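Atoms within a ligand are numbered from 1 in the order they appear, just like the ligands themselves. Only a predicted model underlies this, so the values are computations on that prediction, with no experimental measurement involved. Basis for what follows: all heavy atoms, side chains included, without hydrogens, waters or symmetry-related copies.
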Amino acid sequence: MELSVLPLHKHPTYLLECCHLINAQWKRSETARLRSLENSCDTLPVNLILVKEGKVIGHAKLSRLPSIKDACFVESVVISESLRGQGFGSYLMQKAEEYCIKQLHLKFIYLSTTDQQKFYRKLGYVECEPVSIYGGASLKKDLQNNFCLINTSVNVCNSKINVPKPPPLPNVPVYNKRVVTYMFKSLNI
Ligand code: ACO
């Protein structure tokens, strides 16, 4: 079977297909999605696509994690719905890890998930403290000090001007009323 994991920016002909794959799982405007995908580059962020027989069947985004040295944050891991449960997700993650080691010289991968803990545990990821993708080593301080909006991409919005009074802070990060679990894996290099 012809299967390859490729950096999207080196194969821009797959942009639209990749956009549709991600949007089938997480609906967003096509323009915004394409703009985000076009940011893929040789360093970070990079969008990796899993291509099977000329079709995009999977995607994973590796993002910057400035708060932690030699690490990146994996987001938007998705496999075409009809092909799930056949090992493609595991294969994509394995190749993403290899990419982190060989191309990006990273030592750790972090991620967050609301419902795929079992999948990531199988791949060797373990639960950890929340991490911020914006500078601070932990979200805890952000949660104490700022009005935080947390989504699957772990975006923390720190608005200091004319913001409404923030709601009570959650004890744990939540997204759509579901607890967000943070996980990481040491790449052992
Ligand atoms: N719950 C429990 N176990 C699971 C699940 C699940 N939802 N998904 C996969 N597994 C198990 C499989 O049973 C399999 O175990 P096995 O080896 O004993 O059979 C193992 O995990 C590996 O499964 P794969 O077939 O490699 O996984 P798949 O190709 O289905 O990809 C993925 C997994 C990416 C989570 C896919 O199901 C998907 O696209 N889901 C919807 C989008 C999503 O939730 N993405 C993750 C968001 S979190 C993030 O991006 C960091």
Side-chain angles (χ1 to χ4, degrees), residues 1-8 14 17-28 30 32-33 36-37 39-40 44-68 71-101 104 106-134 138-139 149-156 172-187:
M1 186 199 315
E2 200 191 317
L3 206 56
S4 37
V5 173
L6 310 166
L8 182 57
Y14 290 121
E17 233 187 292
C18 181
C19 170
H20 292 160
L21 170 77
I22 306 170
N23 271 9
Q25 182 69 33
W26 299 290
K27 193 77 199 135
R28 191 180 176 191
E30 194 167 296
R33 182 71 73 192
S36 160
L37 290 173
N39 286 334
S40 182
L44 289 170
V46 61
N47 294 79
L48 298 177
I49 48 170
L50 174 59
V51 178
K52 178 177 173 272
E53 289 149 9
K55 284 205 159 67
V56 179
I57 65 152
H59 166 270
K61 179 179 181 182
L62 311 177
S63 288
R64 276 170 53 74
L65 191 51
S67 57
I68 301 174
C72 71
F73 197 83
V74 183
E75 305 172 76
S76 310
V77 179
V78 63
I79 295 294
S80 290
E81 196 170 358
S82 61
L83 294 171
R84 290 176 194 166
Q86 299 177 40
F88 291 117
S90 304
Y91 180 80
L92 173 60
M93 285 305 296
Q94 182 201 318
K95 291 291 169 189
E97 289 168 14
E98 282 175 28
Y99 191 91
C100 286
I101 296 169
L104 303 172
L106 299 176
K107 294 181 182 156
F108 309 98
I109 296 186
Y110 286 77
L111 57 85
S112 71
T113 180
T114 55
D115 57 0
Q116 298 294 345
Q117 293 86 341
K118 199 173 159 195
F119 169 69
Y120 288 112
R121 262 184 227 122
K122 279 198 136 182
L123 297 174
Y125 289 77
V126 292
E127 277 85 345
C128 66
E129 286 281 299
V131 292
S132 165
I133 61 166
Y134 297 113
S138 162
L139 276 180
L149 294 175
I150 299 170
N151 63 19
T152 48
S153 304
V154 198
N155 287 327
V156 178
V172 289
V174 289
Y175 173 68
N176 277 353
K177 297 186 183 161
R178 288 187 297 182
V179 173
V180 179
T181 303
Y182 289 79
M183 304 180 86
F184 94 108
K185 180 171 178 177
S186 169
L187 297 171

Can you list the residues that meet the side-chain contact (heavy atoms from CB on, under 4.5 Å) rule with Ser4, with sequence neighbours excluded?
Leu6, Val51
Counting C-beta onward and ignoring hydrogens, is there a side-chain heavy-atom pair between Phe108 and Cys100 closer than 4.5 Å?
no
Can you tell me which residues line ligand 1 if we count any heavy atom under 4.0 angstrom from one of its atoms, in chain and number order?
Gln25, Trp26, Val74, Glu75, Ser76, Val77, Val78, Ile79, Arg84, Gly85, Gln86, Gly87, Phe88, Gly89, Ser90, Leu111, Ser112, Thr113, Gln116, Lys118, Phe119, Tyr120, Lys122
Supply the atom-to-atom distance Ile22 CD1 to His59 NE2, rounded to the nearest 0.5 angstrom.
3.5 Å
Would you say Ser112's side chain and Val180's backbone share a donor-acceptor pair under 3.5 angstrom?
no
Using ring pair (Phe, Tyr, Trp, His ring centres under 6.0 Å) as the criterion, list what pairs up with Tyr110, not counting sequence neighbours.
Phe184
By side chain to side chain donor-acceptor pair (under 3.5 Å), Arg28 pairs with (sequence neighbours left out) none
